[in-house]
Amino acid sequence: EVVPTLQADALPHNTLVVRGRDWNAGDVDGGGGRYGSVIEPCSDAPGWFTVLWEATGKKQRHRFGAGSKFDINPTTRTAAEAAAATVGHG
């Protein structure tokens, strides 16, 4: 398994994420399969990122590489989800 280096730019601002293999934050995301967006890296904790969860509006810090743990994983929306997300926004 390749473990990414703990760089602040490992997950750029607005990277879409979902639960990762080491998820331990309960339902702060609104449930499995829900999306969040990376707001920023945590300057005081390499490998941690602040995420804003769409379904709940909650912000929380999650690991992406810290201690070889991955609470979140980057992802992309399916074409259908992307289309649904833009309905009524134009």
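Please read these numbers as outputs of a predicted model, since none were measured by experiment. Here, residue 1 is the first one in the sequence, and each next residue gets the next number.
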If you compare all heavy atoms of [X] against all heavy atoms of [Y], which two are closest, and at what distance to 0.1 Å?
{"X": "F49", "Y": "A10", "value": "CZ-CB, 4.1 Å"}
{"X": "R21", "Y": "S68", "value": "NH2-O, 3.0 Å"}
{"X": "A55", "Y": "G30", "value": "CB-CA, 4.2 Å"}
{"X": "P74", "Y": "T15", "value": "CB-CG2, 3.9 Å"}

Please give the remaining members of the hydrophobic cluster of L16, linking ILVMFWY side chains under 4.5 Å, ordered by chain and number.
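V18, Y35, all in the cluster of L16.
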Under 4.5 Å between side-chain heavy atoms, hopping through other hydrophobics if needed: is there a path connecting I39 to F70?
no
Identify whether V17 and W48 are in the same connected component of the hydrophobic contact network (ILVMFWY, side-chain heavy atoms under 4.5 Å).
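Not linked; separate clusters.
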Is the shortest distance from a Lys or Arg side-chain nitrogen in R19 or D29 to a carboxylate oxygen in the other one below 4.0 Å?
yes
Salt-bridge test for K58 and D27: reply yes if a basic N is under 4.0 Å from a carboxylate O, no otherwise.
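So K58 does not pair with D27 through a salt bridge.
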So [Y] and [X], do their side chains get closer than 4.5 Å, heavy atoms only?
{"X": "V51", "Y": "D71", "answer": "no"}
{"X": "T50", "Y": "C42", "answer": "yes"}
{"X": "W23", "Y": "V28", "answer": "yes"}

So, taking the atom named NE2 in H62 and the one named NZ in K69, what distance separates them when rounded to the nearest 0.5 Å?
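Answer for the NE2-NZ pair, H62 versus K69, is 16.0 Å.
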